[in-house]
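Scroll down for the structure; my scribbles are underneath it.
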Amino acid sequence: MMGMGEGILPGFLLSLGAGVLLGAFYDSLRVLRMVLGGGKRRQFFMDLLFMTVAAPITFLVALAAEAGQLRFYILAGEGIGLCLWALTFGELTVWAAQLISRMLSWSKRKLQRLFLPIARWFWHRWRDTWQKIRMKRKNNRRKRKKSLETNGESSV
């Protein structure tokens with residue numbers, strides 16, 4: 001049986017790794033929130049999702065490190081791991097997501113500038129053609145009505 005304090009370092013390293021993974025998960029949610037747009041409701045549900053994932057992970061780390069007893073070093077390890085991710089790769093993740101977002105919006109503007117006049121030209125051509133067809137159909141209906149009329153003559 002393991003005595004008190006013998007499993008601190010492996011448990012701390014395990015919780016440090018779990019904290020880094022939780023930091024990566026939180027950053028992925030943050031990037032997803034940037035892509036989908038903000039809003040207090042969406043942020044609330046994404047934070048709720050993070051907490052529902054973080055709680056079982058903390059429990060499993062505590063279970064693996066100290067047979068289910070939650071120790072301060074496990075929480076500290078997760079917190080330090082999360083901060084390590086946020087201050088290193090988290091900054092890079094947000095920077096890359098913002099860069100990609102700017103590049104996509106720039107390309108969207110360029111494509112709109114290129115294809116919008118073409119689409120308008122096709123739309124106007126289609127609309128004019130459709131109006132001509134409608135007018136011909138309307139005139140054909142009028143002609144048919146006139147051809148069915150009798151000029152006072154009896155067919156009997």
Side-chain angles (χ1 to χ4, degrees), residues 1-138 140-141:
M1 183 166 183
M2 199 177 352
M4 187 79 159
E6 289 179 10
I8 289 179
L9 185 61
F12 179 75
L13 292 177
L14 181 66
S15 65
L16 194 68
V20 169
L21 289 176
L22 286 174
F25 179 64
Y26 187 78
D27 266 352
S28 65
L29 289 177
R30 185 164 56 168
V31 168
L32 188 64
R33 192 168 47 232
M34 283 174 45
V35 169
L36 296 177
K40 291 181 180 181
R41 182 176 294 164
R42 181 167 287 143
Q43 184 173 357
F44 171 76
F45 283 113
M46 285 196 173
D47 286 345
L48 187 66
L49 174 66
F50 174 75
M51 287 185 280
T52 56
V53 169
I57 288 177
T58 303
F59 172 72
L60 290 174
V61 167
L63 192 62
E66 283 290 328
Q69 295 180 357
L70 188 59
R71 303 279 183 195
F72 176 74
Y73 72 89
I74 293 174
L75 294 177
E78 279 190 10
I80 291 170
L82 202 128
C83 288
L84 281 174
W85 177 271
L87 296 174
T88 55
F89 294 109
E91 295 292 326
L92 293 173
T93 304
V94 171
W95 176 78
Q98 288 173 344
L99 179 69
I100 291 170
S101 175
R102 276 189 242 121
M103 287 172 45
L104 288 175
S105 67
W106 176 81
S107 62
K108 179 184 170 188
R109 283 193 310 269
K110 292 294 182 185
L111 287 174
Q112 280 180 343
R113 190 177 295 164
L114 176 68
F115 288 115
L116 203 56
I118 296 169
R120 284 185 183 144
W121 183 82
F122 277 114
W123 170 254
H124 289 300
R125 293 287 179 199
W126 182 81
R127 189 186 62 192
D128 294 342
T129 306
W130 180 249
Q131 285 179 350
K132 287 179 185 176
I133 291 171
R134 261 185 45 205
M135 290 305 292
K136 282 185 180 182
R137 289 178 66 205
K138 195 182 255 187
N140 284 342
R141 279 192 219 131

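Scored by the side chain to side chain donor-acceptor pair (under 3.5 Å) test, Thr93 finds no partners at all (sequence neighbours excluded). Applying the ring-ring contact (aromatic ring centres under 6.0 Å, His included) rule to Trp123 yields the partners Trp126; only residues at least two apart in sequence or on another chain are considered. Contacts of Arg42 classified as salt bridge (Lys or Arg N to Asp or Glu O under 4.0 Å), with partners at least two apart in sequence or in another chain: none. Residues passing the ring-ring contact (aromatic ring centres under 6.0 Å, His included) test with Phe50 are Tyr26, sequence neighbours excluded.
When all heavy atoms of Ala97 and Val31 are compared, the closest pair comes out as CB-CG2, 3.8 Å. Between Gly11 and Ala65, the shortest heavy-atom distance links the atoms CA-CB, 3.6 Å. Across Ser15 and Ile74, no two heavy atoms sit closer than the pair CB-O, 3.4 Å. When every heavy atom of Ala64 is checked against every heavy atom of Leu14, the shortest pair comes out as CB-CD2, 3.7 Å. Considering all non-hydrogen atoms of both residues, Val61 and Ala18 come closest at CG2-CB, 3.6 Å.
Within the structure, side-chain hydrogen bond (donor to acceptor under 3.5 Å, both in side chains) contacts touching residues 96-118 (residues at least two apart or in different chains) do not occur. Pairs engaging residues 79-95 under the salt bridge (charged side-chain N to carboxylate O under 4.0 Å, His left out) rule: none recorded [sequence neighbours left out].
Remark: Phe72 CZ to Phe12 CZ distance equals 9.5 Å, nearest 0.5 Å. Summarising the geometry, atom CG belonging to Leu16 is positioned 13.0 Å from atom OH belonging to Tyr73; distances are rounded to the nearest 0.5 Å. If you take NZ on Lys132 and CE on Met135, they are separated by 12.0 Å, rounding to the nearest 0.5 Å.
Residues Leu82 and Glu78 form no side-chain contact, since every pair of their non-hydrogen atoms from C-beta on lies 4.5 Å or further apart. Two residues are said to be in side-chain contact when any heavy atoms from C-beta on lie closer than 4.5 Å; Arg33 and Asp47 meet this criterion.
Contact check on Asp128 versus Arg125 returns no salt bridge, with no Lys/Arg side-chain nitrogen under 4.0 Å from an Asp/Glu carboxylate oxygen.
When each of Leu21, Asp27, Leu29 is checked for a side-chain contact (heavy atoms from CB on, under 4.5 Å) with Phe25, only Leu29 meets the rule.
The neighbour count for Arg127 CZ, taken as heavy atoms of other residues, nucleotides or ligands under 6.0 Å away, is above 12.
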